[in-house]
Amino acid sequence: MALLEVENLSVQFYTEDGVVRAVDGLSYEIERGETVGVVGESGAGKSVAALSLLRLIDDPGEIVDGSIRFRGRDVLSFSSDELRRFRGNDVAIAFQDPEAALNPVYTVGEQVAETIRAHGVASGDAARERAISLLERVGIPDAATRYSHYPHEFSGGMVQRAVLAMALSCEPDLLVLDEPTTGLDVTIQAQVLELLEELSSSFDTAIQLVTHDLGVVARRCDRVVVMYAGRAIERATVEDLFYDPSHPYTAGLMASIPRIGDGADRLPTIPGRMADPVDPPTGCPFHPRCPYAEPVCETHRPGLVDVETGEPVADATAPDHLAACHEHTGDLDGGLEYEVLIDDETTASGGGTDP
Ligand SMILES: Nc1ncnc2c1ncn2[C@@H]1O[C@H](COP(=O)(O)OP(=O)(O)OP(=O)(O)O)[C@@H](O)[C@H]1O
Ligand SMILES: [Mg+2]
């Protein structure tokens, strides 16, 4: 049994414009201690999926279908007490918008210490000491002094690290990180990634790492879920994903990675726009943007299949190399030759953003 099993998860928001299908039949799993990257363009449903794990979807949104199991227990049927314990002890989330996670009227240190007390990890002065050591661990210099500073006295990168410290305070088995290194400079980003590495190896913490940065995925993740229009369109180990991307969308994302020597101004993107979540295309949601689309793609929604055999996956959480593209079921004429603009050098240096 995997630590986390998400099956056919669907989340909708009821808005003036109509029903937004933010997450639409998403399935994946995370094993103990492993780091799973969730990638995809803006609007793919990455944050909504992350929030759903902790049942943090509020009005006008709702989880309308599917299941979330943590160590085999059904998260969607937890009582409020069970939910509180789950959020306090088992899983923690660091939000995409770190500023919003801190209260401007309390010092950063007090907020970290309070989280520690609330989780019952330590109390009184011990919680303070622990907060300082956590702030140190996430790379905040002079943490004892910084403890008494207010959020507005912290830089964006420091706020981000403080939020990470809060998420770590309950020693979760699963840490959900939404864009934890976005906006950090390269050195701090490397430090945060190193810290995550250390955590997953020393505490066996599993990490769901939501990111736009395929370089981060290459460096830090064991497996990857590629999301498009609210669903997983490819799932693979990092090696399989980079060396054998099996969905045209994944290949397009890879092609968007700037390569060494390309110059910073060249950043190709996939032509077209993310599917409209209120009125998604029929068939494969990627077909309007897909260079390989054929009539079947407009009419039939491809399910996830094993890319080796073309067989549909019976168990939606099977950890194989899966892609949702008619190519792999043999419904498209001929094989597709994806032009993937990536080489070993790019993979090894993590997207070529390093000098
Ligand atoms: N509270 C909300 N009300 C209405 N629609 C929402 C709400 N939250 C998210 N959505 C919609 O759900 C879809 C998925 O959003 P989500 O924030 O999960 O995308 P994302 O993949 O995290 O994007 P980004 O990379 O920009 O963070 C989007 O179409 C978004 O507009
Ligand atoms: Mg997001």
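For ligands, and for the atoms within them, numbers begin at 1 and follow the listed sequence. If you're wondering where the values come from, they're calculated on a predicted model, not measured in any experiment.
- Annotation for ligand 1: atoms under 4.0 Å from non-hydrogen atoms of Val48 are 9 (C), 15 (O), 16 (P), 18 (O).
- Cation-pi check for Arg55 over Phe78 is not met; the charged atom does not lie both under 6.0 angstrom from the ring centroid and within 45 degrees of its normal.
- Counting only heavy atoms of the protein, atom 25 (O) of ligand 1 lies nearest to Lys46 NZ, 2.8 Å.
- There is no protein heavy atom closer than 4.0 angstrom to atom 30 (C) of ligand 1.
- For the pair Ser246 and Val307, the tightest heavy-atom approach, listed with the atom from each and the gap, is CB-CG1, 3.6 Å.
- Contact annotation: Gly61 has no heavy atom less than 4.0 Å from any atom of ligand 1.
- Each of the following atoms of ligand 1 lies closer than 4.0 Å to a heavy atom of Thr15: 4 (C).
- The shortest distance between side-chain heavy atoms of Tyr147 and Val112 does not fall below 4.5 Å.
- Side-chain contact between Leu253 and Ile270: present, with at least one pair of heavy atoms (C-beta onward) separated by less than 4.5 Å.
- When all heavy atoms are compared, the tightest approach of Leu26 to Arg231 is CD1-C, 4.1 Å.
- Between Gly40 and ligand 1, no N or O atom pair is found at a separation short of 3.5 Å.
- Shortest non-hydrogen contact noted between Gln160 and Glu179 is NE2-O, 3.3 Å.
- What sits closest to atom 27 (O) of ligand 1 on the protein, heavy atoms only, is Gln96 NE2, 2.9 Å.
- The protein heavy-atom contact nearest to atom 17 (O) of ligand 1 is Ser47 CB, 3.7 Å.
- Taking distance alone, with nitrogen or oxygen atoms compared against 3.5 Å, Pro277 stays at or beyond that limit from ligand 1.
- Of the options Leu53, Val91, Leu177, a side-chain contact (heavy atoms from CB on, under 4.5 Å) to Gln208 is made by Leu53 and by none of the others.
- Looking only at heavy atoms of the protein, atom 6 (C) of ligand 1 is closest to Phe13 CD1, 3.6 Å.
- A donor-acceptor distance shorter than 3.5 angstrom exists from the side chain of Ser10 to the backbone of Gly25, with no hydrogens or angles considered.
- The His212 neighbourhood of ligand 1 comprises atoms 25 (O), with distances under 4.0 Å to a heavy atom of that residue.
- With hydrogens and angles disregarded, a donor-acceptor distance shorter than 3.5 Å links the side chain of Arg117 to the backbone of Gly124.
- With respect to atom 13 (C) of ligand 1, the closest heavy atom belonging to the protein is Ala22 CB, 3.8 Å.
- A side-chain donor from one of Glu41 and Tyr249 sits under 3.5 Å from a side-chain acceptor of the other.
- The protein heavy atom nearest to atom 26 (O) of ligand 1 is Ser42 OG, 2.4 Å.
- Taking only nitrogen or oxygen atoms, main chain and side chain alike, Gly45 reaches within less than 3.5 Å of ligand 1.
- Residues Val176 and Leu209 are not in side-chain contact: their nearest non-hydrogen atoms beyond the backbone lie 4.5 Å or more apart.
- Of the protein's non-hydrogen atoms, the one nearest atom 23 (O) of ligand 1 is Gly43 N, 2.9 Å.
- Contact annotation: Ser47 places an N, O or S atom under 2.8 Å from the Mg ion (ligand 2).
- The single protein non-hydrogen atom nearest to atom 11 (C) of ligand 1 is Val20 CG1, 3.8 Å, given as residue, atom name and distance.
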